[in-house]
Amino acid sequence: MKTYLIPSGWDRELVLKTVFRSGTDKVVLISAYPKKAKIYNQADKITKKINKELKEELKKLTKVETLEVNYIDLKDIVVQVNEYLKRNKEDEFVINISTGSRMLAATLLMVGYMNNIPLEYSIAEGHNPKLVSLVEKGEDYHKGFKKIIEVPMLPVKIKFSKKESKFIKMLKNKGSLNVKDFIGSAKGNKENQLRSEFHYISKKLQKSDLVSIKNKGKKVEVT
């Protein structure tokens with residue numbers, strides 16, 4: 001099941017069109033729950049209201065769930081999203097970071113990297129002319145200044161599958177790896193399976209800039 005995670009945010013049209021074009025089996029709207037502190041308390045209520053509207057519209061397209069997080073608390077976002085991922089570990093996830101608060105977008109980016117989940121960003125046609133007009137007249141998007149909060153550091157570890165871990169271990173021990181090294185003495189169907197595995201894993205790791213692939217004649221060498 002393809003599951004699409006996207007913050008509710010305040011851009012109704014952007015969320016609706018993004019989900020419509022994603023072809024997802026299920027969408028998870030990441031909404032805000034009202035915080036005890038008064039910072040952004042009114043904004044959270046608006047986000048919840050928009051989330052409810054989006055949920056009603058998206059029900060016509062696909063299955064919809066809501067995941068509530070604290071939009072300005074990195075740890076809470078990480079915990080809530082990771083717990084959801086664990087509860088639905090059989091799903092194929094995609095995370096869109098184009099809506100919601102900057103803290104939420106940055107944290108979802110990190111969660112995506114930590115869990116090897118594809119990340120997407122939706123581009124709008126432009127800005128709301130009414131908001132642009134206000135800014136041009138000297139208005140600010142936010143009001144005043146409250147305080148600075150420190151963003152906590154979290155240990156980031158890239159996760160590998162068992163086959164990827166085995167591949168990397170072989171590569172680490174040998175310094176470089178080719179198809180012959182990886183296949184060993186395997187024959188028949190097992191040999192064909194391992195050949196496919198070698199090319200699939202090496203290309204996947206190359207996309208993450210973890211390995212380099214060189215073609216030496218008919219030989220492919222990974223370092």
Side-chain angles (χ1 to χ4, degrees), residues 1-7 14-15 17-28 30 62 74 77-78 81-82 84-100 102 104-125 151 153-223:
M1 177 185 283
K2 182 181 178 182
T3 301
Y4 205 83
L5 278 72
I6 185 169
L14 192 65
V15 173
K17 288 186 175 179
T18 294
V19 174
F20 177 75
R21 293 187 183 185
S22 70
T24 188
D25 300 304
K26 179 172 68 177
V27 62
V28 180
I30 303 177
T62 187
L74 183 145
I77 298 165
V78 170
V81 176
N82 273 330
Y84 183 87
L85 296 178
K86 286 177 184 175
R87 289 197 304 271
N88 300 272
K89 59 185 178 182
E90 300 303 318
D91 291 6
E92 177 190 343
F93 292 103
V94 177
I95 297 176
N96 190 299
I97 62 170
S98 56
T99 54
R102 292 178 180 85
L104 180 60
T107 308
L108 288 176
L109 186 74
M110 184 180 68
V111 170
Y113 287 150
M114 289 169 70
N115 293 280
N116 290 330
I117 294 173
L119 293 154
E120 294 184 353
Y121 188 90
S122 301
I123 305 294
E125 290 179 2
V151 179
M153 298 295 290
L154 293 175
V156 178
K157 183 180 180 181
I158 299 173
K159 291 186 177 181
F160 299 108
S161 67
K162 287 183 179 179
K163 288 180 179 179
E164 289 166 356
S165 295
K166 183 181 176 182
F167 186 96
I168 291 167
K169 191 174 180 181
M170 287 179 71
L171 188 57
K172 190 176 178 182
N173 291 335
K174 289 179 174 291
S176 65
L177 204 59
N178 57 42
V179 179
K180 189 177 178 181
D181 294 328
F182 189 72
I183 291 173
S185 59
K187 299 291 181 185
N189 290 337
K190 186 65 178 176
E191 179 185 349
N192 294 331
Q193 180 193 333
L194 289 173
R195 279 183 183 277
S196 297
E197 253 178 49
F198 175 85
H199 293 293
Y200 173 77
I201 294 172
S202 58
K203 285 177 182 176
K204 187 177 179 183
L205 295 176
Q206 185 188 41
K207 284 182 181 178
S208 301
D209 293 326
L210 294 170
V211 303
S212 175
I213 301 174
K214 293 178 182 177
N215 291 304
K216 293 186 173 182
K218 292 183 179 179
K219 272 190 171 184
V220 175
E221 186 179 71
V222 180
T223 54

Could you measure the distance from the [atom1] atom of [X] to the [atom2] atom of [Y]? Nearest 0.5 Å is fine.
| X | Y | atom1 | atom2 | result |
| --- | --- | --- | --- | --- |
| K180 | S185 | NZ | OG | 12.0 Å |
| L5 | E120 | CG | CD | 11.5 Å |
| I30 | Y84 | CD1 | OH | 9.5 Å |
| S202 | L210 | OG | CG | 12.0 Å |
| I168 | L177 | CD1 | CG | 11.0 Å |
| Y4 | I95 | OH | CD1 | 10.5 Å |

Only counting residues at least two apart or in another chain, list the ones meeting side chain to side chain donor-acceptor pair (under 3.5 Å) with [X].
| X | result |
| --- | --- |
| T18 | S122 |
| N82 | N115 |
| K169 | none |

So do the side chains of [X] and [Y] get within less than 4.5 Å of each other, counting heavy atoms only?
| X | Y | value |
| --- | --- | --- |
| F93 | V28 | no |
| L171 | L205 | no |
| S22 | V94 | no |

Do you know the tightest heavy-atom contact between [X] and [Y]?
| X | Y | result |
| --- | --- | --- |
| V27 | V19 | CG2-CG2, 3.8 Å |
| V78 | T107 | CG2-CG2, 3.5 Å |
| Q206 | V211 | N-CG2, 3.5 Å |
| L108 | P7 | CD1-CG, 3.7 Å |

With sequence neighbours left out, the residues meeting ring pair (Phe, Tyr, Trp, His ring centres under 6.0 Å) with F182 are F167, F198

Which residues share a salt bridge (charged side-chain N to carboxylate O under 4.0 Å, His left out) with [X], sequence neighbours left out:
| X | answer |
| --- | --- |
| K2 | none |
| K163 | E197 |
| K26 | E65, D91 |
| E221 | K216 |

Between L104 and the options I77, L74, V81, the side-chain contact (heavy atoms from CB on, under 4.5 Å) test singles out I77

- Using atom types as modelled and distance alone, determine if a side-chain donor or acceptor of T62 lies under 3.5 Å from a backbone N or O of D25. yes

Does atom CG of N215 have more than 12 heavy-atom neighbours from other groups under 6.0 Å away?
yes

With a 6.0 Å cut-off (strictly less than), is the heavy-atom count around CZ of R102, excluding the residue itself, greater than 12? no

Partner set under side chain to side chain contact (heavy atoms under 4.5 Å, CB included) for [X], not counting sequence neighbours:
| X | result |
| --- | --- |
| S165 | F160 |
| K203 | I213 |
| K190 | A186, Q193, L194 |
| L109 | I97, Y113, L119 |

